[in-house]
Amino acid sequence: MDTINNRLHAFKIKTRDWFVRHAEGPHMQAWLAFFSFIEAIFFPLPPDMLLIPILTANGRRWIYYATLTTVTSVIGGIVGYAIGFFLFEVIGKTIVSTYGLEEEMARVAELFEENAYWAIFIAGFSPLPYKLFTLGGGLFNISFTTFVFASILGRAARFYLVSYLAYKFGKRLGGLVFTYFNFTSILVALIIVLLVILWKIV
């Protein structure tokens, strides 16, 4: 497991550097759409790592890039759902085992039993492996309508927030969000959960 984690870490570093180099290239939009799509199925790195460098150079179009990332990510999520529903034994299980996420998938099943909508929404927004929830959505036969609606809201909340921060506060804050994205997204996700709990109590 340590060997797999070390290889994944090295891969993430190299890929992140590649993202930064190509953020101002002529094909940056195509790359952003591509990585947003495959991240929802199997790719280990979030599209934010390409989205943020793009926006530090093209901040005025933050709404466009946030929309592009959201749409292609949700489409990828739908493909992941289909793989989980139709081809989990053939493809989905390989994706899960490659990253050593068998225990996490069991936890996803528990979260779906508790509240599928909020589980997918939080996964779409937070640094939780969204691919687990797309594959799990199909595997555990979650309502497709619920899956798509929660994915759209979760992914949009994440990518529009990241895009706006990069646009509004420029390269300096964009870099901080890039570096500490996991912490930022977890914090906001916790705030959302607390608000939902308070709303139910009231």
Side-chain angles (χ1 to χ4, degrees), residues 8 11-12 15-16 19 31-52 65-88 91-163 177-178 180-190 192-193:
L8 285 174
F11 173 76
K12 289 179 180 180
T15 307
R16 182 190 63 187
F19 281 164
W31 283 122
L32 180 61
F34 174 71
F35 284 112
S36 300
F37 176 81
I38 64 173
E39 184 268 341
I41 306 170
F42 66 87
F43 196 66
L45 296 183
D48 313 75
M49 289 191 167
L50 180 57
L51 175 63
I52 292 173
Y65 288 112
T67 303
L68 175 65
T69 308
T70 299
V71 170
T72 51
S73 180
V74 172
I75 293 173
I78 292 172
V79 173
Y81 181 98
I83 291 173
F85 190 83
F86 295 106
L87 299 169
F88 185 80
I91 300 176
K93 186 177 290 186
T94 301
I95 295 173
V96 173
S97 62
T98 297
Y99 298 114
L101 297 173
E102 291 85 354
E103 292 184 5
E104 286 79 358
M105 180 60 83
R107 178 56 181 156
V108 167
E110 296 175 0
L111 293 173
F112 281 156
E113 289 182 3
E114 295 171 6
N115 192 314
Y117 172 83
W118 284 110
I120 296 167
F121 173 82
I122 296 299
F125 181 83
S126 73
L128 294 173
Y130 178 57
K131 62 186 68 61
L132 275 181
F133 290 80
T134 66
L135 295 169
L139 175 64
F140 302 121
N141 200 24
I142 300 304
S143 164
F144 182 71
T145 302
T146 297
F147 172 80
V148 172
F149 188 66
S151 290
I152 291 173
L153 292 182
R155 298 270 87 178
R158 170 174 175 160
F159 297 132
Y160 277 84
L161 174 62
V162 169
S163 298
V177 174
F178 181 87
Y180 300 105
F181 175 77
N182 283 357
F183 172 79
T184 304
S185 57
I186 289 174
L187 179 62
V188 176
L190 288 175
I192 292 173
V193 171

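These numbers were taken from a predicted model, which means no experiment stands behind them. Heavy atoms only: backbone and side chains are in, while hydrogens, waters and symmetry mates are out.
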Walk me through whether Leu132 and Arg107 qualify under side-chain contact (heavy atoms from CB on, under 4.5 Å).
CA-CA 10 Å; Leu132 275 181; Arg107 178 56 181 156; over 6 Å; no

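Scanning all heavy atoms of the two residues, the minimum distance from Ser36 to Thr69 falls at OG-CG2, 3.2 Å. When all heavy atoms are compared, the tightest approach of Arg155 to Thr70 is O-OG1, 3.8 Å. Across Gly77 and Ala40, no two heavy atoms sit closer than the pair N-CB, 3.4 Å. A pairwise comparison of heavy atoms in Pro47 and Leu32 identifies O-CD1, 4.0 Å as the closest pair.
No salt bridge links Glu104 with Lys131; every basic N to acidic carboxylate O contact stays at or beyond 4.0 Å.
You'll find the side chain of Val96 reaches within 4.5 Å of the side chain of Glu102, heavy atoms only. Phe35 is not listed as a side-chain neighbour of Thr72, based on a closest heavy-atom distance of 4.5 Å or more. The shortest distance between side-chain heavy atoms of Thr67 and Phe159 does not fall below 4.5 Å. At least one side-chain heavy atom of Leu153 sits less than 4.5 Å from a side-chain heavy atom of Tyr117. Annotation: side chain of Phe37 is in contact with side chain of Val79 (closest heavy-atom distance under 4.5 Å). Residues Tyr130 and Arg158 fail the side-chain proximity criterion, which asks for heavy atoms closer than 4.5 Å. Side-chain contact between Val148 and Tyr81: absent, with no pair of heavy atoms (C-beta onward) separated by less than 4.5 Å.
In this structure, the separation between CD1 on Ile95 and CD1 on Ile83 is 5.0 Å, given to the nearest 0.5 Å. Ser151 OG to Phe133 CZ: the interatomic distance, rounded to the nearest 0.5 Å, is 10.5 Å. Atom CG of residue Leu68 and atom OG of residue Ser73 lie 10.5 Å apart, to the nearest 0.5 angstrom. The CZ atom of Phe88 lies 9.0 Å from the OG1 atom of Thr94; values are rounded to the nearest 0.5 Å. Atom OG1 of Thr134 and atom CD1 of Ile78 lie 10.5 Å apart (nearest 0.5 Å). Going from atom CZ of Phe112 over to atom CZ of Phe147 covers 7.5 Å, rounded to the nearest 0.5 Å.
Crowding of Glu114 atom CD: a count of heavy atoms from other residues, nucleotides or ligands under 6.0 Å exceeding 12.
For Glu113, the salt bridge (charged side-chain N to carboxylate O under 4.0 Å, His left out) criterion is met by no residue, not counting sequence neighbours.
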